[in-house]
2 protein chains.
Amino acid sequence: MQADNRLPRYQRLRDELVAMIAARHWRPGEAIPTEQALAKSYDVAVGTVRKAVDLLVAEGMLERFQGRGTFVRRASFDSSLFRFFRFQTKQGERRIPESRILRREVVEAPSAVAAALQIAPNARVIRLSRLRLIDDVPMLAEEIWLPFDRFEAFARLPIDGIGDLLYPVYEAECNQVIASATETLTVEAIGPLHARLLRIEPGTPTVVIERLAYGYDRHPLEWRRSRGPASEFIYQAEIR
Amino acid sequence: MQADNRLPRYQRLRDELVAMIAARHWRPGEAIPTEQALAKSYDVAVGTVRKAVDLLVAEGMLERFQGRGTFVRRASFDSSLFRFFRFQTKQGERRIPESRILRREVVEAPSAVAAALQIAPNARVIRLSRLRLIDDVPMLAEEIWLPFDRFEAFARLPIDGIGDLLYPVYEAECNQVIASATETLTVEAIGPLHARLLRIEPGTPTVVIERLAYGYDRHPLEWRRSRGPASEFIYQAEIR
DNA sequence: TAGTGGTCTAGACCACCGC
DNA sequence: CGGTGGTCTAGACCACTAC
């Protein structure tokens, strides 16, 4: 198994580093070997190692600290909600919303979900219905889908032992690490079901965020759809 | 005028290159000197030049072409609308919407506009009201504000000689080059005035895009607010 | 073919961290 | 203090472009 020799060395090295992370040989939070050590063991110059690491730092997979070392970055999605919504407490704080899991069931995957998760149609999936609240006010209604075979342990967890953030649970209980995700935003008038959950009028404009989350190996692990009132929505972008 | 000696050389060099671009010594579309030449004239190693240029390429200010040279990038905002909307023709093409300027006037800047453009309150500004259409169907209603002193020539242009894109006109007629911008998106129920322009029902959810556009020297040059139907809105993001 | 950016090397010295 | 990443140099060779 030899990588394509036509690619630059720093590219091939980058790919090998990714493979080590994907294989959980180096785990999130841990330091990878020093640049000198990597240069020696992969038989390239230190400058080449630096360039490969530069790429992964830019991709958000590694984090460098002068004098300490280079570490596998733990993806933090906590701030993702704040990227799109101005949610805050009455005191103006921003904190992670409380989670209330309304329902958990194992079902056959609807075809759209199966396609997104790249599993067989009608394969079993875990379906989670969840409400996220700040100061007891519902802010987001979420549906979450997980492939059953990878997340079997999750289906058996006592439901009220699950905290506000799911990704640490995936990691601890199912050995599945979320590394990245793509999100698609649209605006819809909310249906009666979700309107009741969010305690707003049916037909109120809501922002729908569809997120497909991947492991380090770019295999899709979770699909979710979140809805929040459009009045709370705000997004900022840099254009060049 | 000596830059801070504590900054790395590649950082100082980057700043000097930006200054050359901001001063229009090197203009958009033109090549800057070769890496060898820059290394010689700034008395640093080629590797240091490369790192400075790397930064500006990442920032979108320069563009490299192997074998040809390094060029000052002309910011292209044409695709910015497509970043947020699924606008397309009946044939499914994506092209730049037609522009129809409804009104152009010189007024005193409202305080919010003056603050955004960093000009004196009540300083004169050019206010443009514009409609953007695809297949004669209105897609976006825009208000655009320009500081009068920089864009005086624009106020005198025959209004139907102005094409679908404004930024090339700013450059050709006013010597003002837009280099970057920040956009803020929110969702609002549309008011009766804009509803009539867009030929939709008052109260329909619309996405409001506020854009502040800057020159290479980061000085604000244009402020605009665009409204489009939320039903056409779609946005995709990568999360890490 | 001459000139451009792209890759890669080898090594020096600096700034910062933790012990 | 030793070890880490950060900066900078100098030079070789490659790949691509324009003429």
With DNA chain C as reference, determine whether A/Val44 or B/Pro33 sits nearer its 5' end, using the nearest nucleotide of each. B/Pro33
Measure the distance from NZ on A/Lys40 to P on C/dT9 and round it to the nearest whole Å. 15 Å
Round to a whole Å and report the spacing from CZ of B/Arg9 to C1' of D/dG6. 14 Å
Taking only the side-chain heavy atoms of B/Arg68 (C-beta and beyond), determine which of D/dC16, D/dG6, D/dT17 contains the nearest atom. D/dT17
May I ask you to verify if any side-chain N or O of B/Thr70 is less than 4.0 angstrom from the OP1 or OP2 atom of C/dG5? yes
Taking 4.0 Å as the cut-off, does a side-chain nitrogen or oxygen of B/Tyr10 come that near to OP1 or OP2 on D/dC8? no
Does B/Thr48 make a side-chain N or O approach to OP1 or OP2 of D/dT7 shorter than 4.0 Å? no
Could you tell me how the ring of A/Phe233 sits relative to the ring of A/Phe84: parallel (under 30°), tilted (30 to 60°) or perpendicular (over 60°)? parallel
Verdict with reasoning, B/Glu59 to B/Arg14, per side-chain contact (heavy atoms from CB on, under 4.5 Å): CA-CA 11 Å; B/Glu59 291 174 42; B/Arg14 174 208 164 276; 2.7 Å; yes
Between A/Asp160, A/Asp136, A/Asp164, which is the residue that forms a salt bridge (Lys or Arg N to Asp or Glu O under 4.0 Å) with A/Arg100? A/Asp136
Any side-chain N or O of A/Arg64 less than 4.0 Å from the OP1 or OP2 oxygen of D/dG6? yes
CD of B/Glu35 versus C1' of D/dC13: gap in Å, rounded? 15 Å
Scan B/Val53 against the nucleic acid and name what it touches under 4.0 Å (heavy atoms): base, sugar-phosphate only, or nothing. nothing
Using a cut-off of 4.0 Å on non-hydrogen atoms, how would the nucleic acid contact of B/Val46 be classed: base, sugar-phosphate, or nothing? nothing
Side chains of A/Trp223 and A/Glu210: closer than 4.5 Å at any heavy-atom pair? yes
Distance check needed: C/dA15 C1' versus B/Leu7 CG, whole Å only. 14 Å
Does B/Lys51 have a side-chain nitrogen or oxygen under 4.0 Å from the phosphate oxygens OP1 or OP2 of D/dC8? no
Might you point out which heavy atoms bring B/Arg74 and B/Pro28 nearest each other, and give the distance in Å? NH2-O, 3.1 Å
With a 4.0 Å cutoff (strictly under), does any side-chain N or O of A/Arg50 reach OP1 or OP2 of D/dG6? yes
Length of the line joining B/Gln66:CD and D/dT17:C1', which is rounded to integer Å: 9 Å
Once you round it to whole Å, what is the distance between P of C/dT7 and CG of A/Asp43? 19 Å
Between OH of B/Tyr42 and P of D/dC8 the distance, given in whole Å, is 16 Å
Whole angstrom value for the distance that separates P of D/dG6 from CD of B/Gln11: 14 Å
